[in-house]
Every structure is written in C-alpha cells, then in structure tokens.
Protein chains: 2
Amino acid sequence: MTAIKESSTIQENKQYALEKCPVTFVMEKIGGYWKPIILYHLSTGDKRYSELKRAIPAVTEKMLIQHLKQLEGDGLIIREAKPVVPPFVTYKLSSAGTGLLPVIDAMAAWAFKVKDGVYTVK
Amino acid sequence: MTAIKESSTIQENKQYALEKCPVTFVMEKIGGYWKPIILYHLSTGDKRYSELKRAIPAVTEKMLIQHLKQLEGDGLIIREAKPVVPPFVTYKLSSAGTGLLPVIDAMAAWAFKVKDGVYTVK
DNA sequence: CATGATACATACTTTAGGGTAAGTACTTGT
DNA sequence: ACAAGTACTTACCCTAAAGTATGTATCATG
C-alpha cells in the first residue's frame with residue numbers, strides 16, 4: 001500500500017470522480033488487476049490463502065496479499081485466521097462483497113455476448 | 001496512446017487474465033479513468049465533443065480524446081463528423097456500448113447501497 | 001538437521017497511465 | 001488584424017500500480 005501525495009492532480013481528479021461518479025467509486029474498489037479474479041474465486045466459496053494461490057497461478061504472492069489486504073480493508077472480504085501452526089487462514093466474501101456479484105455477473109454476461117458475436121468489439 | 005512493450009510480464013498477465021476472466025475483459029474496456037464517466041454522459045444521448053468537454057470539466061482535452069479514441073477503437077462508441085468548418089463531431093453509444101449500461105447500472109446500484117449504509121465499506 | 005509447507009513482509013525496479021503545456025488548421029465575428 | 005470557437009495533436013514529465021527477489025517464523029517429517 002503505497003503512500004499517496006495529497007497534492008497531485010490525479011488525486012484531486014480522483015476526488016472529483018468519486019463524488020460525481022458512483023461507477024468510479026466501484027472501480028476504486030475492484031479496479032486492482034487481480035481483484036475481480038479474487039472476488040470471482042471467492043464467489044464459489046471460502047478459500048484458504050494457498051488455495052487462492054494455486055487457483056490463480058499467474059499472480060505473485062506480493063500482489064495476492066496486497067489485494068487481499070485492500071479488499072479486506074475495504075470491507076469486501078473477511079479474513080479468518082486460526083491460531084495454529086502451520087497457519088490456517090481463510091478468506092470469504094462479506095455481505096458488501098456478495099453485493100458486488102451482480103456487477104460481476106453483468107460484466108461476465110456482456111463479455112460472453114461479445115464472445116458469441118452479439119456485439120462487435122475491438 | 002502509449003506504446004506497449006510486448007515482452008513485459010504485465011502484458012503476459014493481461015493476456016492470462018483476459019482469457020481466464022471475462023470481468024477483466026470488461027475492465028480493459030471501461031477501466032480508463034474517464035471512460036465510465038464518458039459512457040455515462042453518452043447514455044443520456046448523443047453529445048458533441050465540446051459538450052462532453054463542458055460536461056466533464058475536470059478532464060483534460062488530451063485525456064478526453066485519448067479515451068474517446070480508445071472507446072471508438074474498441075467499438076463501444078461511434079464518432080460522426082460532419083465535414084464542415086468549424087468542425088461538428090458527435091459521439092454516441094454503439095450497440096455494444098449500450099449493452100454495457102446494465103453493468104454501469106449495477107455498479108451505481110451497489111454504490112448507492114453503500115452510500116445508504118446497506119453495506120459497510122471502507 | 002535440513003527440507004517443506006504455511007502465510008505472509010519488505011526493499012527495490014519497471015511500466016503504463018495520467019497530467020501539463022503548448023501548438024495546429026480553418027472560419028466567423030469585431 | 002486579431003481574438004474566439006471548433007476538434008484535435010504532440011512532446012515531455014510524474015506517479016501509482018504492478019512485478020522481482022528475497023527473507024521471516026513456526027512446526028512436522030524424513
């Protein structure tokens with residue numbers, strides 16, 4: 001989680017967009033590169049950290065926890081750690097995270113329409 | 001439109017994500033900072049370039065056309081230029097772009113639920 | 001006694017996206 | 001003759017997000 005410069009225009013614009021545009025607000029939450037994928041994997045049930053890692057082989061560990069932490073910080077997922085060793089940590093969707101599933105579904109529906117040639121894209 | 005390095009891992013991962021995850025495919029299309037906002041403004045009807053500019057005062061001209069070109073290139077919007085001087089250019093949603101509106105709506109619905117305290121986020 | 005599995009952390013580098021500032025071409029209005 | 005409005009373009013800079021590489025703690029097992 002990188003430090004942010006409050007003075008930069010990009011941050012001011014971010015502010016503007018967040019106030020003016022609900023969509024941008026959502027993008028802030030699920031815009032990270034691997035976030036939608038993580039959310040998708042959690043939509044099919046709770047997963048351990050290592051399960052997620054194996055499910056998404058292309059992501060690095062740094063990116064995985066970074067996004068998990070952000071999603072947790074944003075209240076979209078819930079982390080549960082059993083105080084055992086070796087560690088046993090599970091992640092699951094919160095109600096807010098579950099509420100995002102219709103968004104994910106709408107996106108997937110559009111993408112599949114594109115794939116099926118209903119729309120001509122790119 | 002910046003040149004991209006084909007060799008970079010980020011591009012490889014992009015490929016992976018695009019194939020594996022329909023949501024990421026959508027993000028690619030509407031993930032630009034001002035794209036959702038542009039789409040939103042076009043959802044209420046055709047707009048001239050200058051109208052969009054005035055409607056979104058915080059965006060710079062460079063960003064505005066850059067994103068308009070990308071959206072046009074992706075087939076989400078249609079550009080119509082009348083060969084007159086001063087120029088008269090109109091942008092409107094394509095059918096693919098219109099098909100994205102449910103996604104936008106689902107996002108907005110979620111954002112408003114968060115605002116109304118239905119979910120606890122951040 | 002050292003290797004593997006668990007779930008991370010941390011220092012450093014790269015890259016893509018976004019922003020700034022300025023210029024272009026053509027015509028109408030003052 | 002000069003500013004203003006139209007729709008861009010182009011060269012350069014800066015930053016946030018992504019990636020690389022390596023390290024940590026604890027215990028069980030061969």
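Only this structure's heavy atoms are used, side chains among them; waters, hydrogens and symmetry mates stay out. The sequence lines fix the lettering, A, B, ..., with proteins before strands; numbering per chain opens at 1. No experiment lies behind these values; they were computed from the predicted model shown.
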Counting only side-chain N and O atoms of B:Y91, is one of them less than 4.0 Å from OP1 or OP2 of D:dC8?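 Answer yes for this pair, as a side-chain N or O of B:Y91 is under 4.0 Å from OP1 or OP2.
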Quick one: is B:H67 getting a side-chain N or O under 4.0 Å of the C:dG17 phosphate, OP1 or OP2?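 It does not, given that no N or O in the side chain of B:H67 lies less than 4.0 Å from OP1 or OP2 of C:dG17.
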Let me know, please, whether A:E61 or A:G31 comes out on the 5' side of the other along DNA chain D by nearest nucleotide.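 Its nearest nucleotide being more 5', the pick is A:G31.
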d([atom1], [X]; [atom2], [N]) in whole Å:
| X | N | atom1 | atom2 | value |
| --- | --- | --- | --- | --- |
| A:Y33 | C:dA16 | OH | C1' | 10 Å |
| A:M63 | D:dA17 | CE | C1' | 7 Å |
| B:I65 | C:dG17 | CD1 | C1' | 16 Å |
| A:F88 | C:dC8 | CZ | P | 12 Å |
| A:L64 | D:dT20 | CG | C1' | 16 Å |
| A:R79 | C:dT6 | CZ | C1' | 12 Å |
| A:E28 | C:dG18 | CD | C1' | 14 Å |
| A:Q66 | D:dT20 | CD | C1' | 13 Å |

Could you please name the option among [options] that lies closest to any side-chain atom of [X]?
| X | options | value |
| --- | --- | --- |
| A:R54 | D:dG19, C:dT6, C:dC8 | C:dT6 |
| B:K62 | C:dC8, C:dG18, C:dG19 | C:dG19 |
| A:T60 | D:dA18, D:dC8, D:dG19 | D:dG19 |

Which heavy-atom pair separates A:M107 from B:V26 by the least distance, and what is that distance?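 Shortest heavy-atom separation between A:M107 and B:V26 comes out as O-CG2, 3.4 Å.
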Check whether any side-chain N or O of [X] sits under 3.5 Å from a backbone N or O of [Y] as a donor-acceptor pair, and report yes or no.
| X | Y | result |
| --- | --- | --- |
| A:W110 | B:A96 | yes |
| B:T90 | B:R48 | no |
| B:Q66 | B:M63 | no |

Ring-face cation contact, B:Y119 with B:K113, 6.0 Å cut, 45° max: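 Not flagged: B:K113 not positioned over aromatic ring of B:Y119.
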Please work out which residues in residues 44-53 of chain A have a non-hydrogen atom less than 4.0 Å from an atom of DNA chain C and list them by number.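 Those residues whose heavy atoms fall under 4.0 Å from DNA chain C, taken from residues 44-53 of chain A in numerical order, are A:R48, A:Y49, A:S50.
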Straight-line distance of B:H41 NE2 to B:W34 CH2, nearest 0.5 Å: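 It is 9.5 Å, given to the nearest 0.5 Å.
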Distance (rounded to the nearest 0.5 Å) between B:Y91 OH and B:L64 CG: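 Interatomic distance, B:Y91 OH to B:L64 CG, rounded to 0.5 Å: 7.5 Å.
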Under 3.5 Å, is there a donor-acceptor pair linking the side chains of B:T44 and B:K47?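 Yes, because at least one side-chain N or O of B:T44 sits under 3.5 Å from a partner of the opposite role on B:K47.
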Between A:K35 and A:Q70: side-chain donor-acceptor atoms closer than 3.5 Å: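 Checked: A:K35/A:Q70 side chains pair up, N/O donor to acceptor below 3.5 Å.
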Across nucleotides 24-30 of chain D, 5' to 3', mark each nucleotide with B, S or - according to how protein heavy atoms within less than 4.0 Å reach it. --BS---
